[in-house]
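Some notes on the structure that comes next.
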Number of protein chains: 2
Amino acid sequence: MRLSKKTEYALKALIYAARHPEGTTFQIKELAERNGIPKKFLELILLELKNAGIVHSRRGVGGGYLLARRPEAVRSSEIIEAIEGPLAPARVPKARGTRGLGEEPSPAVSRLVRESSEAIGSVLDRWTLADLAREEQEAAERRQRNLMYFI
Amino acid sequence: MRLSKKTEYALKALIYAARHPEGTTFQIKELAERNGIPKKFLELILLELKNAGIVHSRRGVGGGYLLARRPEAVRSSEIIEAIEGPLAPARVPKARGTRGLGEEPSPAVSRLVRESSEAIGSVLDRWTLADLAREEQEAAERRQRNLMYFI
DNA sequence: ATAAACCCCATTGTATATGTAGGGATTGTG
DNA sequence: CACAATCCCTACATATACAATGGGGTTTAT
């Protein structure tokens with residue numbers, strides 16, 4: 001299971017969004033700086049998340065982004081599919097070298113891929129953005145507590 | 001869940017191997033032709049599978065490859081890891097654009113990736129090469145039965 | 001000696017991933 | 001109305017990984 005940088009940024013951005021006060025907008029600029037994400041790249045990502053109906057945007061002065069739904073209603077599978085496309089590709093890409101020969105997909109391999117995809121899907125369907133934000137929050141608190149020992 | 005062409009070829013090759021008479025060698029040439037796999041590419045793949053201890057080889061006239069173990073003892077996770085490397089990478093690759101800034105991995109994202117990897121892992125550990133070969137066999141038989149209606 | 005087979009490394013072409021650049025459109029505020 | 005803040009969009013550039021391909025070298029049965 002490998003996440004592209006782009007998807008990782010998308011997840012970070014949405015976790016940031018979920019921890020932002022509800023109903024208020026946040027700005028690309030600050031989000032990019034605070035999370036070490038290239039600003040222009042992040043613009044692309046938020047645009048895709050907007051087109052996927054996960055965030056809304058407001059333009060102009062005082063504008064920015066906000067979640068389109070409550071974090072409990074955003075499954076992580078949605079986020080990942082918005083960026084990377086469907087988890088289980090309908091059709092495997094064709095090879096180039098051996099056009100038209102015996103390149104039928106193996107039923108056994110297809111089955112294996114299908115079962116794996118379903119396993120990932122069920123994990124990603126179960127984790128909502130609210131869960132991720134809580135996890136992040138708790139990790140931050142643990143770090144905080146550990147620091148206290150050094151004061 | 002996306003398999004590289006290389007991994008797909010490896011699985012096909014090993015399914016072929018599992019269906020080959022036990023203890024006898026099979027040759028790259030025929031395997032490549034019958035499965036539409038580029039011969040030279042398949043050489044690399046079988047070499048890697050040999051180094052991973054999944055197949056053995058014999059050189060010279062009458063040589064070839066054979067499974068190093070019985071198909072029941074080869075987990076599909078082994079095969080995939082032999083070709084693609086560890087399922088759960090210890091460390092995510094670094095971004096280029098933002099060296100040294102806030103590029104810490106998010107604990108929440110790490111957790112999500114870990115849980116997904118474990119879910120895939122448990123599926124791939126469960127499926128052995130024997131299962132895959134049987135699945136392939138049964139699919140072939142179904143196809144055969146369907147053809148009979150047209151005679 | 002010869003041919004059949006595996007062994008090994010270097011190179012190449014293509015696609016995908018990861019950004020960058022430049023400007024356009026919208027909107028609140030003075 | 002001017003202006004600045006903000007999102008919106010397209011095109012381009014570069015790096016890396018993927019998918020082979022090429023050219024030989026080594027081992028071994030006959």
Side-chain angles (χ1 to χ4, degrees), chain A residues 2-10 12-13 17 24-33 35-52 54-66 68 80 83-85 89 92-99 101 103, chain B residues 2-13 17 20 24-33 35-52 54-66 68 80 83-85 89 92-99 101 103:
Chain A
R2 146 134 173 79
L3 282 191
S4 69
K5 226 53 185 135
K6 194 172 172 187
T7 304
E8 191 192 329
Y9 291 156
K12 279 186 168 185
T24 70
T25 61
F26 59 91
Q27 284 75 41
I28 285 183
K29 189 165 182 294
E30 192 186 349
L31 169 47
E33 283 166 3
N35 293 77
I37 303 174
K39 177 162 170 293
K40 295 296 279 188
F41 198 21
L42 185 54
E43 282 186 33
L44 296 186
I45 293 166
L46 282 169
L47 218 38
E48 289 183 38
L49 292 176
K50 197 193 74 158
N51 292 334
I54 295 172
V55 296
H56 285 155
S57 72
R58 293 202 199 117
R59 299 170 75 162
V61 174
Y65 286 94
L66 35 71
I80 291 174
I83 302 294
E84 307 204 328
V92 235
K94 283 198 168 186
R96 282 195 317 280
T98 52
R99 278 168 282 259
L101 292 179
E103 43 177 322
Chain B
R2 145 133 174 79
L3 283 191
S4 68
K5 225 55 186 130
K6 195 173 172 187
T7 304
E8 191 192 329
Y9 292 157
L11 287 167
K12 278 187 169 185
H20 203 78
T24 70
T25 61
F26 59 90
Q27 285 74 43
I28 286 182
K29 188 165 181 293
E30 191 186 351
L31 169 47
E33 284 166 2
N35 292 78
I37 303 175
K39 179 163 169 292
K40 296 296 279 186
F41 197 19
L42 186 54
E43 281 187 35
L44 296 187
I45 292 166
L46 282 169
L47 219 37
E48 289 182 39
L49 292 176
K50 198 192 74 157
N51 292 335
I54 295 172
V55 297
H56 285 154
S57 71
R58 292 200 199 119
R59 299 171 72 162
V61 175
Y65 285 93
L66 36 72
I80 290 173
I83 302 294
E84 306 205 328
V92 237
K94 283 198 172 186
R96 284 194 316 280
T98 53
R99 279 167 283 257
L101 292 180
E103 42 178 324

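Letters go in sequence order (proteins before strands), and every chain restarts at 1.
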For the pair made of [atom1] in [X] and [atom2] in [N], what is the distance, rounded to whole Å?
| X | N | atom1 | atom2 | answer |
| --- | --- | --- | --- | --- |
| B:Lys6 | D:dA17 | NZ | P | 13 Å |
| A:Leu42 | C:dG19 | CG | P | 11 Å |
| A:Glu48 | D:dC7 | CD | C1' | 15 Å |
| B:Leu44 | D:dA20 | CG | C1' | 8 Å |
| B:Lys39 | C:dA4 | NZ | C1' | 10 Å |
| A:Ile45 | C:dT20 | CD1 | P | 12 Å |
| B:Phe41 | D:dC18 | CZ | P | 10 Å |
| B:Glu84 | D:dA19 | CD | P | 9 Å |

Under-3.5 Å donor-acceptor pair between A:Glu43 side chain and D:dC8 base: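 Present.
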
Distance-only donor-acceptor test (3.5 Å): side chain A:Lys40, base C:dG22: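 Yes, the side chain and the base share a sub-3.5 Å donor-acceptor pair.
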
Side chain to side chain donor-acceptor pair (under 3.5 Å) partners for A:Glu84, two or more places apart: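 Applying side chain to side chain donor-acceptor pair (under 3.5 Å) to A:Glu84 gives A:Ser4, A:Thr7.
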
B:Ser4 or A:Gln27, whichever maps to the more 5' nucleotide of DNA chain D: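 Mapping each residue to its closest nucleotide by heavy atoms, the 5'-most match is A:Gln27.
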
Nucleotide-resolved protein contact map, nucleotides 25-30 of chain D, B/S/- at heavy-atom distance under 4.0 Å: BBBBB-

Any donor-acceptor pair under 3.5 Å from A:Gln27 side chain to A:Gly63 backbone: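 Yes, A:Gln27 side chain to A:Gly63 backbone: donor-acceptor pair under 3.5 Å.
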
Look at [X] and [N] and indicate whether a side-chain polar atom (N or O) is within less than 4.0 Å of OP1 or OP2.
| X | N | result |
| --- | --- | --- |
| B:Ser57 | C:dA5 | no |
| A:Tyr9 | C:dT18 | no |
| A:Lys50 | D:dC8 | yes |

Sugar-phosphate, base or nothing in reach of A:Lys29, heavy atoms under 4.0 Å: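 Here A:Lys29 touches no strand at all.
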
Sugar-phosphate, base or nothing in reach of B:Ile28, heavy atoms under 4.0 Å: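 Answer is sugar-phosphate: B:Ile28 comes under 4.0 Å of backbone atoms only.
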
Closest to the A:Tyr65 side chain, choosing from C:dC7, C:dC9, D:dC7: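 Output: D:dC7.
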
Intermediate values then yes/no, side-chain contact (heavy atoms from CB on, under 4.5 Å), B:Ile28 and B:Leu46: CA-CA 8 Å; B:Ile28 286 182; B:Leu46 282 169; 3.5 Å; yes

Criterion side-chain contact (heavy atoms from CB on, under 4.5 Å) on A:Tyr65 and A:Leu47, from CA distance to verdict: CA-CA 10 Å; A:Tyr65 286 94; A:Leu47 218 38; 4.2 Å; yes

A:Lys6/A:Glu48 salt bridge by N-O under 4.0 Å criterion: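 The answer is yes: the pair qualifies as a salt bridge.
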
From CA spacing to verdict: side-chain contact (heavy atoms from CB on, under 4.5 Å), A:Leu31, A:Leu42: CA-CA 9 Å; A:Leu31 169 47; A:Leu42 185 54; 3.6 Å; yes

Gap between atom CD1 of A:Ile37 and atom CD1 of A:Ile45 - 0.5 Å precision: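 Rounded to the nearest 0.5 Å, the CD1-CD1 separation comes to 6.5 Å.
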
